[in-house]
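Have a look at the structure below, then the notes.
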Number of protein chains: 2
Amino acid sequence: MARLAQYSHRLSVAPGKTFIQEGEAATDFYIVTAGHTKIFTLMPDGRRQITGFGQSGDFLGLASGATYAFSAEALGPLSLCRFSRTGLGLLRREFPELELRLMEEASRELVQAQRRMLLLGRKTARERLASFLLEQHHLSPTKEIVIHLPMSRTGIADYLGLTIETVSRTLNALQREMMITITQVTQITLLNLPALEHLARGG
Amino acid sequence: MARLAQYSHRLSVAPGKTFIQEGEAATDFYIVTAGHTKIFTLMPDGRRQITGFGQSGDFLGLASGATYAFSAEALGPLSLCRFSRTGLGLLRREFPELELRLMEEASRELVQAQRRMLLLGRKTARERLASFLLEQHHLSPTKEIVIHLPMSRTGIADYLGLTIETVSRTLNALQREMMITITQVTQITLLNLPALEHLARGG
DNA sequence: CGGCGCGTTGATGCAAGTCAAATTTAGTGG
DNA sequence: CCACTAAATTTGACTTGCATCAACGCGCCG
């Protein structure tokens with residue numbers, strides 16, 4: 001591990017700070033060591049699509065071209081480990097098990113990306129919200145039926161390809177239909193998991 | 001290369017044949033050696049989302065779980081090289097340069113997946129078609145402005161998250177606006193690349 | 001207390017979906 | 001090569017789900 005230090009650099013990022021900017025030279029590569037990030041792309045007129053979230057242990061900055069194809073922002077206090085792109089190559093030679101982790105991570109992300117393309121391309125607003133709530137549920141380590149939403153309505157909307165109004169209305173509709181209870185703005189109780197699962201898969 | 005043969009197996013697939021079925025045990029891994037495939041996911045009621053296409057040289061079957069999360073179908077006569085999942089692990093150890101190719105491929109696909117999430121989540125029908133036409137244009141080795149659509153209207157619709165009627169109408173609208181000419185059903189001439197690029201990026 | 005950010009709710013508009021019919025294209029056998 | 005059929009595409013009329021525009025309510029903090 002002696003050589004690791006000369007290619008890596010630990011750093012902290014303030015909440016809300018964008019530490020990877022779409023279009024900039026993709027010189028570095030990051031590993032999240034603590035906290036959460038959101039990964040998104042923007043259109044010139046401000047339309048935003050959140051393509052994913054990064055948690056502790058996740059890799060960030062896998063770019064195929066010379067520049068980043070996305071931006072990344074700290075959702076809260078964030079700790080990162082930064083590698084230079086060249087350093088990563090050397091590291092990979094040094095630690096074969098890293099290679100495996102990288103592939104696993106890439107596969108996992110690719111599968112998730114496919115799920116999200118189905119959601120964004122073919123699901124209705126109700127189905128998207130149901131899918132989202134269940135995803136949050138599965139992410140929770142305790143599998144509690146009370147889930148905490150880690151983002152605002154704007155975040156949910158940009159993640160699901162909807163508007164904040166539709167998110168709000170749809171959430172309330174699901175509550176009226178007794179599938180969920182909106183305990184607080186960012187806290188929801190899942191009342192009818194089978195119904196939500198049925199809805200999420202779309203039939 | 002001696003050991004390669006004992007883990008790999010060349011095979012041909014008939015046009016239209018589905019050779020990877022969503023939900024089945026993800027035991028194998030493929031490399032496309034000739035032809036084209038489409039990769040898609042289905043919903044119980046038949047809604048389909050094409051998540052991508054595989055060409056010669058592409059890897060297929062990167063699954064994170066025990067089962068495939070997608071189906072793959074031969075678009076025409078197709079040649080594949082199949083590896084057992086265990087064989088792949090051994091191969092990776094044997095050929096470090098394969099490792100690199102795998103990572104490059106995964107990165108490229110991840111970047112493309114992000115572009116597609118933006119398209120599916122935030123772009124209008126016109127923007128989607130413009131993006132699609134330019135993608136086909138960039139895929140062509142000769143960069144001809146006459147492009148050949150490698151699929152039917154149904155295929156385009158399932159790729160872009162639209163209906164066949166909207167695809168047809170939008171294509172004709174772009175023709176009326178002098179951005180393209182529909183020479184034949186599957187052959188389109190791009191008349192105004194700057195306008196299409198402007199439209200595709202959304203402003 | 002008052003302004004401000006965020007969320008909810010309501011009224012209205014419109015892009016894309018649905019349903020259906022017309023038309024073109026492709027395929028098949030005589 | 002042509003007639004006939006089946007499939008794909010286009011076109012039209014209509015519907016609808018979500019977006020847009022606009023109030024309104026509610027914490028929260030200076």
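All chains are named by letter (A, B, ...) in the order of the sequence lines, taking the proteins before the strands, and each is independently numbered beginning at 1.
As a whole-Å value, the separation of B:Gln187 CD from C:dT24 P is 19 Å. Following rounding to the nearest Å, B:Ile156 (CD1) and D:dA8 (C1') show an atom-to-atom distance of 12 Å. Taking atom CG of B:Leu171 as the reference point, atom P of D:dA8 lies 18 Å away to the nearest angstrom. Going from atom CD1 of B:Ile182 over to atom C1' of C:dT25 covers 15 Å, rounded to whole Å. Between the NZ atom of A:Lys123 and the C1' atom of D:dC18 there is a distance of 18 Å, rounded to whole Å. The distance from atom CZ of A:Arg126 to atom P of D:dG17 is 11 Å, rounded to the nearest whole Å. The distance between atom CZ of B:Arg122 and atom C1' of D:dT20, rounded to the nearest whole Å, is 13 Å. Distance A:Glu165 CD to D:dA22 P: 12 Å, rounded to the nearest Å.
Ion pairing of B:Arg122 with A:Asp158 is present here, as a side-chain N (NZ or NE/NH1/NH2) and a carboxylate O approach within less than 4.0 Å. Salt-bridge check for A:Arg108 with A:Glu105: passed, with a basic side-chain N closer than 4.0 Å to an acidic carboxylate O. In this structure, A:Arg116 does not pair ionically with A:Glu135, as no charged nitrogen and carboxylate oxygen lie closer than 4.0 Å.
OP1 or OP2 of D:dA19 sits under 4.0 Å from a side-chain N or O of A:Thr163. Contact annotation: A:Thr166 reaches the phosphate of D:dA19 (side-chain N/O to OP1 or OP2, under 4.0 Å). In terms of phosphate contacts, B:Arg169 brings no side-chain nitrogen or oxygen within less than 4.0 Å of OP1 or OP2 of D:dT11.
Backbone-only contact: B:Gly161 has heavy atoms under 4.0 Å from sugar-phosphate atoms and none from a base. Looking at heavy-atom distances under 4.0 Å, B:Thr170 makes no contact with the nucleic acid at all.
Comparing D:dT10, C:dG7, C:dA16 by their closest approach to the side chain of A:Ser152 singles out C:dG7.
Within the cation-pi definition used here (under 6.0 Å to the ring centroid, within 45° of the axis), A:Arg48 does not qualify as a partner of A:Tyr159.
Under the 3.5 Å distance criterion, with hydrogens and angles disregarded, no donor-acceptor pair is assigned to the side chains of A:Thr181 and A:Thr183.
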